[in-house]
Amino acid sequence: MNFDFSDEQKFLRDEARKFLTAKCTTAEVREVLDDDAKSHHEDVWKQVVEMGWLGTAIPEEHGGLGLGMLELCVIAEELGRALAPIPFASSVYFFAEAVKLAGSDAQKSELLPRIADGSAIGCIAASEGPGPVEAGKLKTEFKDGTLTGTKIPVTDGDVATHAVVLAKDGSGSSLVVVALDQDGVTRSSVETIEPTRSHAEITFNGASAERLGGQGDGEALYAEILNRAAVLLAFEQVGGASVCLDMATDYAKERQAFGRPIGGNQAIKHKLAEMYVKNEVARSNSYYGAWALSTDAGELPEAAAAARVAASEAYWFASKENIQTHGGMGFTWEVDCHLFYRRAKLLAVQAGAPSVWKEKLVRALETRNAA
Amino acid sequence: MDFNDTPEEAEFRAEASAFLGQHLKPKAASAIRGREPRNKMLERAKEWQKVKAENRFAQITWPEAIGGRGGTAMQQVIWNQEESKFDAPTGPFAIGLGMCVPTVIAFGSDENKQRYVQKALHGEEIWCQLFSEPSAGSDVAGLKTKAVRDGDDWVINGQKVWTSGAHYSDYGILLVRTDPDVPKHKGLTMFIVDMKAPGVEVRPIHQASGGSEFNEVYFTDVRIPDTDRLGDPGQGWKVALVTLMNERLAVGGSPGPDWQEIMDYARDAGTLSNQAFRQKLADWYVASQGYNLTKFRTQTALSRGETPGPENSIGKIITANHLQDICNSAVEMQDHYGLIIDKDKAPADAIFQESLMWAPGLRIAGGTDEILKNIIAERVLGLPADVRVDKDKAFSEL
């Protein structure tokens, strides 16, 4: 039994934390938050590129570091802690993983080295309106090598150079990859509750695109990509939730009311204890997801769903009760609590809302029981 | 990250499993829970304890010199995991061997150890733990039962409550007040008490669930020889903390029906398609899986020789609440028929109804939800302790 990260992986985590603590503080996050023209923090992004983090789980033959998914999980947790305002998740967890999973040799050779060296930024575009993405309802269509339709919101869609798009294709659906710097593509920014990750509306007017994976495989591939991304996002969520607990705990020890620290009151103590329990449940489920992801285990669907449900719940609870613990100060723009509250909600709905994942989880359990 | 045993762990697991297979039947379906008459169960438990002790599978971490295996905490975990797959009656010995006897080993004289340890280990004598009192539950150190020195003996008067298994126990460890004129934590002393001694009266408590696992124990002029004192007079709180620390190491099994059982039931009953139910089912799975996986993290720490943290506090908060919630849902799913607790007429042999009635106790026993949250807040997160206005006052002045 060794249900923990290795010493090397922990070393990587420590190094990542050291870098982000120094170079990606909430001051950097706020630079992006306060400036509508900024889609991400260019200096942080540049340094992350230089350190090779984008290629962590990309094979060496395709320009990556050739490490594993566990190493990527470790980095994800640290990016989540730092609220890193960079398009890392879009480019790496979604786009690169999609190419690794479904791409042809030619697509891998062309795209993965460019993701690894930061010369291309990827994103994924599936949503077209309120409610869960369902392949049968797609309006965006891939036909004769061209793509037509509108996707909204696309996380990091305004900064990305390439997108993987889920589109109608004949009687079914396919994934296609499309370059975003062509005439057939128009993009506009969309305001969201979380401005430190930019979002766009992208309209394709006969843009040239090519399939990623087989015709009709879109829905299944998309589900598989979401399972993989869900584990990585769960680590970002666990990272953010841990910081919220630390912030709330520190404040509760320091802030005095009625002649003693507010953390001496059971109403506060019990709230923070509940936060701790939810965070541990999320962390343990995320570790299991990491194991399933790194070993290509058959348990990945339920492990990913459990990690995502637990981490979404933990981060939401921690971020909202962190504001509450801080009282009126917690609701001000100047105090950082709201940065985590925004990010918690973005991460909870970005790749399917918790209720959707709960349903996926129960279906996975039904499949397992039937086997 | 690897869920597999190391070669040494795998070897021990195989050995344990083979031994268990020779002596016990695999655990039957959940329906069998609670069906066995108590006398029969006690008899079986004593026999099984004897077999384990003779083969050095009882108390794996104890030194070989006192009948243990000299094994690691990880081996104990592996043993517990394997034993839980079989129909092993271990309940009556959990408190004695897990908490009381280790306290005797830590604080008893050589004579105490010779007299008590082997008999307990071999299943000949059962022990209980007498700490709680009617006015001192969560606030254990506020207890009032007193001991007064009289020659070579101490004379005990007072009352204990919530004592699991007192009605079939032979000995107990007893925490009493020997000095009321100092602050409450400083005037306590621990003793070994013969539960069959004159003046000890055990009255089973009729619980809300209908059962009687707990007892009140009355002490009227009960004489305990000074040679059965554990630790110095006034050091009882320190001794009690060692007992309670050992409680942490005990790895508990499932307290009742879990997500799998209600999922099976819902499928058979045709209600698994209910959307509201499916969302709750996912929550139960995530929490239960989260706790089980947290135990794996604990085991990893144990296997490296580290000390486990407060994971058990997390566990009881999660499992006790979810047990209550799961049973409530199952009973509501049965609608009006859900009232029936008659095993022959109720679905699933009434396990949901039985556990529903037992669940309130689980949320209290071994520390209430509220006390466990205090423990996490104070000992894990380092938040200020609750205000304790009686801390520096003599107990007699409270």
Side-chain angles (χ1 to χ4, degrees), chain A residues 1-6 9 70 73 245-246 248-249 252-253 260-266 268-278 280-288 290-291 294-295 302-303 305-311 313-314 354-355 357-366 369, chain B residues 1-6 9 74 77-78 259-260 263-264 267 272-273 275 277-283 285-304 309-311 313-315 317-318 369-370 372-378 380-387:
Chain A
M1 172 68 64
N2 176 23
F3 192 46
D4 196 1
F5 289 101
S6 69
Q9 287 153 358
L70 290 177
C73 289
L245 175 58
D246 292 347
T249 303
K253 287 178 188 170
R260 61 179 178 140
I262 60 168
N265 293 305
Q266 286 196 351
I268 299 291
K269 286 163 84 167
H270 290 186
K271 186 198 292 292
L272 300 189
E274 281 164 32
M275 231 189 250
Y276 175 79
V277 171
K278 285 182 196 297
E280 289 302 299
V281 165
R283 179 173 292 280
S284 296
N285 275 300
S286 297
Y287 278 28
Y288 188 57
W291 168 80
S294 68
T295 57
E302 68 225 50
R308 177 143 180 89
V309 168
E313 166 67 15
S355 59
W357 283 94
K358 285 182 189 178
E359 177 56 30
K360 285 191 197 192
L361 173 57
V362 173
R363 274 191 222 154
L365 296 176
E366 285 178 295
N369 277 350
Chain B
M1 214 171 258
D2 182 359
F3 289 96
N4 296 319
D5 290 329
T6 64
E9 288 165 357
M74 190 62 198
V77 169
I78 291 172
W259 66 270
Q260 180 74 62
M263 184 173 175
D264 291 346
R267 189 181 43 246
L272 187 51
S273 59
Q275 283 305 310
F277 175 76
R278 292 169 78 84
Q279 295 275 310
K280 283 198 285 189
L281 181 62
D283 286 334
Y285 173 84
V286 165
S288 142
Q289 180 80 346
Y291 173 51
N292 288 334
L293 292 164
T294 300
K295 286 197 285 192
F296 288 156
R297 287 167 58 202
T298 306
Q299 286 172 33
T300 302
L302 279 174
S303 70
R304 291 175 184 159
E311 291 81 7
S313 304
I314 295 177
I317 292 174
I318 294 172
D369 286 3
E370 290 74 18
L372 295 176
K373 284 181 191 172
N374 270 7
I375 289 173
I376 291 172
E378 293 176 15
V380 182
L381 303 177
L383 291 165
D386 275 19
V387 174

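Worth saying up front: this structure is predicted, and the values here are computed from it rather than measured. Chain letters run A, B, ... following the sequence lines, proteins first, then strands; residues in each count from 1. Because only heavy atoms are used, hydrogens play no part in the values below, and waters and symmetry mates are left out as well, while side chains stay in.
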Q: Does some side-chain heavy atom of A:Y276 sit less than 4.5 Å from a side-chain heavy atom of B:L381?
A: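 Side chain of B:L381 against side chain of A:Y276, heavy atoms only: contact under 4.5 Å found.
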
Q: Against chain A, label B:N4 side chain, backbone, both or neither, depending on which of its atoms sit under 4.5 Å from a heavy atom there.
A: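 Just its backbone gets close to chain A.
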
Q: Evaluate the ring planes of A:F3 and B:F3, with Trp represented by its six-membered ring, and classify them as parallel (under 30°), tilted (30 to 60°) or perpendicular (over 60°).
A: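 The arrangement is tilted - the two ring planes meet at 30° to 60°.
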
Q: About how many Å separate OG1 of B:T300 and CG of A:D4, when rounded to the nearest 0.5 Å?
A: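 OG1 of B:T300 is found 6.0 Å from CG of A:D4.
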
Q: Apply side-chain hydrogen bond (donor to acceptor under 3.5 Å, both in side chains) to residues B:Q289 and A:N285 and explain how you reach the verdict.
A: CA-CA 7 Å; B:Q289 180 80 346; A:N285 275 300; 5.0 Å; no

Q: Testing the basics here: between B:V286 and A:A310, what is the closest heavy-atom pair and its distance to 0.1 Å?
A: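 Looks like CG1-CB, 3.4 Å.
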
Q: Who passes side-chain hydrogen bond (donor to acceptor under 3.5 Å, both in side chains) against A:D246, sequence neighbours left out?
A: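 Partners of A:D246 under the side-chain hydrogen bond (donor to acceptor under 3.5 Å, both in side chains) test: none.
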
Q: If you measure from CD1 on B:I314 to NZ on A:K278, what distance do you get to the nearest 0.5 Å?
A: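 It is 12.5 Å, given to the nearest 0.5 Å.
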
Q: Could you pull out the closest heavy-atom pair between A:K253 and B:G382, with the gap in Å?
A: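 Answer, listing the atom of A:K253 first, then B:G382: CE-O, 3.2 Å.
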
Q: Could you pull out the closest heavy-atom pair between B:D386 and A:G264, with the gap in Å?
A: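 It is OD1-O, 4.1 Å.
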
Q: Select, from A:T295, A:L245, A:N265, A:N369, the one with the greatest count of heavy-atom pairs under 4.5 Å involving chain B.
A: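 Of the options given, most contacts go to A:N369.
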
Q: List the residues meeting side-chain hydrogen bond (donor to acceptor under 3.5 Å, both in side chains) with B:T294, not counting sequence neighbours, and say none if there are none.
A: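 A:S284.
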
Q: To check you understand the geometry: which heavy-atom pair defines the closest contact between A:H270 and B:E370, and what is its length?
A: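 Answer, listing the atom of A:H270 first, then B:E370: NE2-O, 3.2 Å.
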
Q: Check whether B:I78 gets within reach of chain A through its side chain, its backbone, both or neither, counting any heavy atom under 4.5 Å.
A: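 Looking at B:I78, nothing touches chain A.
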
Q: Side chain from CB out, backbone as N, CA, C, O: work out which of these in A:L365 comes under 4.5 Å of a heavy atom of chain B, or both, or neither.
A: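 Both parts, heavy atoms under 4.5 Å.
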
Q: Check whether B:Q279 reaches the backbone of A:S355 with its side chain - one donor and one acceptor, N or O, closer than 3.5 Å.
A: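 Yes, B:Q279 side chain to A:S355 backbone: donor-acceptor pair under 3.5 Å.
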
Q: Does a side-chain heavy-atom distance below 4.5 Å link A:E280 with B:R297?
A: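 Yes, side chains in contact.
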
Q: Which pair of heavy atoms, one from A:K269 and one from B:A385, lies closest together, and at what distance?
A: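 Reported closest heavy-atom pair: NZ-C, 3.7 Å.
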
Q: I need the A:E366 CD to B:R267 CZ distance, nearest 0.5 Å.
A: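 If we round to the nearest 0.5 Å, A:E366:CD and B:R267:CZ are 8.0 Å apart.
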
Q: Of all heavy-atom pairs between B:A377 and A:A273, which one has the smallest distance, and what is that distance?
A: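 Heavy atoms only, the tightest pair is N-CB, 4.4 Å.
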
Q: Which bit of B:D369 is near chain A, if near means a heavy-atom gap under 4.5 Å: side chain, backbone, both or neither?
A: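 Neither; nothing under 4.5 Å.
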
Q: What's the separation between atom CG in B:D283 and atom CD in A:E313, rounded to the nearest 0.5 Å?
A: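 CD of A:E313 is found 7.0 Å from CG of B:D283.
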
Q: Could you tell me which portion of B:Y285 (side chain, backbone, both or neither) has an atom closer than 4.5 angstrom to a non-hydrogen atom of chain A?
A: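 Answer is side chain: those atoms of B:Y285 sit under 4.5 Å from chain A.
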
Q: Mind checking whether A:R260 and B:V387 have side chains closer than 4.5 Å, heavy atoms only?
A: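 Sidechains of B:V387 and A:R260: in contact.
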
Q: Side chain to side chain contact (heavy atoms under 4.5 Å, CB included), that's the test. Do A:K358 and B:R278 meet it? Break it down for me.
A: CA-CA 8 Å; A:K358 285 182 189 178; B:R278 292 169 78 84; over 6 Å; no

